[in-house]
Amino acid sequence: MIGAAGSPGHTRLGLIVSKSVGNAVDRNRAKRRLRHTVRQAALQPGMDYVIIARKSVTQVSFDTLRGWVERALVETTDV
């Protein structure tokens, strides 16, 4: 996950899910899972985030995925 300062007050999220993740069904599943996970995370207002998905996003449990996102958010805010 990459985070950078953006428009004041607005938080934006970009998802990059390439064909290496799988077919269209797998890519859409990865995007849905990531969006749902990010909705539950504490994103900072005024930040822009980009998540680059890998194939494992579709294969791990939701709790594991949530842990990855939360850990990435901590690392992003420390920078």
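- Between the side chain of R12 and the backbone N or O of D48, no donor-acceptor pair lies under 3.5 Å.
- Scanning all heavy atoms of the two residues, the minimum distance from F62 to Q40 falls at CE2-OE1, 3.7 Å.
- Screening residues 53-64 for salt bridge (charged side-chain N to carboxylate O under 4.0 Å, His left out) gives D63-R66 as the qualifying pairs, with residues at least two apart or on separate chains.
- Across all their heavy atoms, L15 and R35 have their closest contact at CD1-CG, 3.9 Å.
- In this structure a side-chain-to-backbone donor-acceptor pair under 3.5 Å is missing from T64 to V60.
- Heavy atoms only, all atoms of each residue included: L34 and A53 are closest at CD1-CB, 3.8 Å.
- When side chains are defined from C-beta on, R29 does not count as touching V25, because their heavy atoms never get closer than 4.5 Å.
- Put simply, the side chain of Y49 does not reach to within 4.5 Å of the side chain of V38, judged on heavy atoms.
- Side-chain atoms of V57 and L65, non-hydrogen and from C-beta on, do get closer than 4.5 Å to each other.
- Rounding to the nearest 0.5 Å places CZ of R39 at 9.5 Å from CG of L13.
- Residue P45 comes nearest to T11 through the heavy atom pair CA-OG1, 3.2 Å, listed as atom of the first residue, atom of the second, then distance.
- Here CZ of R32 is found 12.0 Å from OG1 of T37. Values are rounded to the nearest 0.5 Å.
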